[in-house]
Amino acid sequence: MTRAANGLAAKAAIPTADSDKGTTADARRKVISAARPRNMLLRGLSAQDFALIRPRLERSTLQAKDVLEEVNGPVEYAYFPEDSLISVIATQRDGKAIEVGMVGREGMTGTAIVLGNGEALNECRVQLEGSALRIPAAGLRELLSRSASLHAQFLRYMQVVLVQATQTALVNSHLTVEKRLARWLLMMHDRVGENEFDLTHEFLAAMLGVRRPGVTVALHMLEGRHLIRSTRSHIGIRDRAGLEEFVASGYGIPEEHYRRLFPGAGF
Amino acid sequence: MPRYFFHYRDGDRLSEDYEGELLPGIAAVEETAMASAKEIIADGLLGGNPVLTGYSYEIRDEARNLVLVFPFSEAAEKPGPRP
């Protein structure tokens, strides 16, 4: 299955957990099912903590390019992606930007809320459309003050966010664009669980911090190694193990960190 | 602004740029090609590869007319904008 980024494809209706279970009449009420959540961070909560947060959550459909947080702007909601993907983007004062993290079904946005501050640290922009559960900032703040274990769980995830940003800084200075692209595809695959993506070269160029024509070159090289298939704006992973071998030590530290901190998450 | 397509030629293999880029004219096309080629050559060198001078961009307009062939060797030899 392919989902679109950057508004390339028609918006498909996204089934909710409720409609999956056949209670379609309730889907519009945004009642979040008590069943196992699709977001791994929520799934890892204790039954008590999930019962605490569940009534405050609502399902939201995210469109590619939606900006969820603006640098220094107020954070209105924390989002827990189910099958959407969100980019965390650092921006220079002159407008130059580069991606420093990505959040999918394993994580959450709203770093500033969890860290006890009201303003966004970086920009959060939707990369792949899909659904997410969200909770208003005030509601989350209240719950964090009520449950130390809930706060601890989300703070553990913030360690992963930090490791992801520092590892991205490392690879941006040590890896070639081709390897960074390979790493990026692996990370995306980990966070949405799909093999194929619709991505524009313009978008990839912004994520990797290169001129747009260079993306064609990097894709050409990865394709020449038989690791991916690239046609128009469509990229498919052909050989995941090969990509990992190619990126070698440049990939996997944030993911290992996550698995250590959340061993039962199924990540 | 017209849209220009930066196809990448590697010997017999041509990777098509299906997306293209809006640019004001030929001067901007050449500047983009130069900056991008410099970036790729520099990146290749840092990756331990030899200078990729045998490659080129073949830039076409929306009517598929060839606008410019930009060999990467030009980016290795001539000054240009910082990527």
Side-chain angles (χ1 to χ4, degrees), chain A residues 4-9 92 94 96 98 170-184 197-236 246-250, chain B residues 1 3-23 28-61 67-76 80-83:
Chain A
N6 306 329
L8 272 175
Q92 232 169 247
D94 66 1
K96 275 193 185 148
I98 195 159
L170 257 176
V171 303
N172 282 345
S173 63
H174 293 302
L175 291 190
T176 61
V177 173
E178 190 191 356
K179 287 192 175 170
R180 269 152 54 202
L181 175 60
R183 169 185 183 264
W184 194 85
F197 314 104
D198 280 336
L199 296 160
T200 66
H201 292 190
E202 185 187 8
F203 176 79
L204 280 170
M207 293 303 102
L208 298 168
V210 296
R211 294 264 182 160
R212 196 203 55 90
V215 173
T216 313
V217 179
L219 288 169
H220 172 97
M221 290 174 170
L222 286 180
E223 210 173 11
R225 295 179 198 275
H226 309 292
L227 299 174
I228 62 160
R229 235 178 336 248
S230 165
T231 48
R232 290 187 181 263
S233 58
H234 188 84
I235 301 171
F246 176 62
V247 191
S249 57
Chain B
M1 270 198 281
R3 188 174 287 276
Y4 295 96
F5 298 84
F6 289 66
H7 306 303
Y8 173 66
R9 180 165 292 284
D10 165 4
D12 292 337
R13 277 181 72 207
L14 186 78
S15 267
E16 283 204 57
D17 170 10
Y18 296 103
E19 198 172 310
E21 190 163 342
L22 296 172
L23 292 166
V29 166
E30 191 162 359
E31 191 188 300
T32 302
M34 175 69 94
S36 177
K38 279 187 182 294
E39 192 171 69
I40 291 158
I41 290 170
D43 192 60
L45 284 174
L46 292 172
N49 302 313
V51 183
L52 300 168
T53 52
Y55 305 83
S56 58
Y57 280 130
E58 292 182 9
I59 301 141
R60 292 179 184 269
D61 63 17
V67 173
L68 178 74
V69 174
F70 189 92
F72 280 24
S73 55
E74 276 202 38
R82 222 177 151 237

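First the proteins, then the strands, lettered A, B, ... as listed; each starts at 1.
- Closest non-hydrogen pair, Gly224(A) versus Arg13(B), comes out as CA-NH1, 3.6 Å.
- Taking 4.0 Å as the cut-off between side-chain N and carboxylate O, Glu21(B) and Arg212(A) count as a salt-bridged pair.
- Comparing Thr216(A), Leu175(A), Leu219(A), Val217(A) by heavy-atom pairs within less than 4.5 Å of chain B, the highest count is held by Val217(A).
- Residues of residues 176-184 of chain A having a heavy atom under 4.5 Å from any heavy atom of chain B, listed by number: Thr176(A), Val177(A), Glu178(A).
- Not a single donor-acceptor pair under 3.5 Å links the side chain of Glu39(B) to the backbone N or O of Gly214(A).
- Rounded to the nearest 0.5 angstrom, Arg232(A) CZ and Glu16(B) CD are separated by 8.0 Å.
- Tyr57(B) touches chain A through its side chain: at least one heavy atom from C-beta onward sits under 4.5 Å away, while N, CA, C and O do not.
- Qualifying ring-ring contact (aromatic ring centres under 6.0 Å, His included) partners for His220(A), counting only residues two or more places apart in sequence or in other chains: Tyr8(B).
- More than 12 heavy atoms of other residues, nucleotides or ligands shown are found within 6.0 angstrom of CG on Asp94(A).
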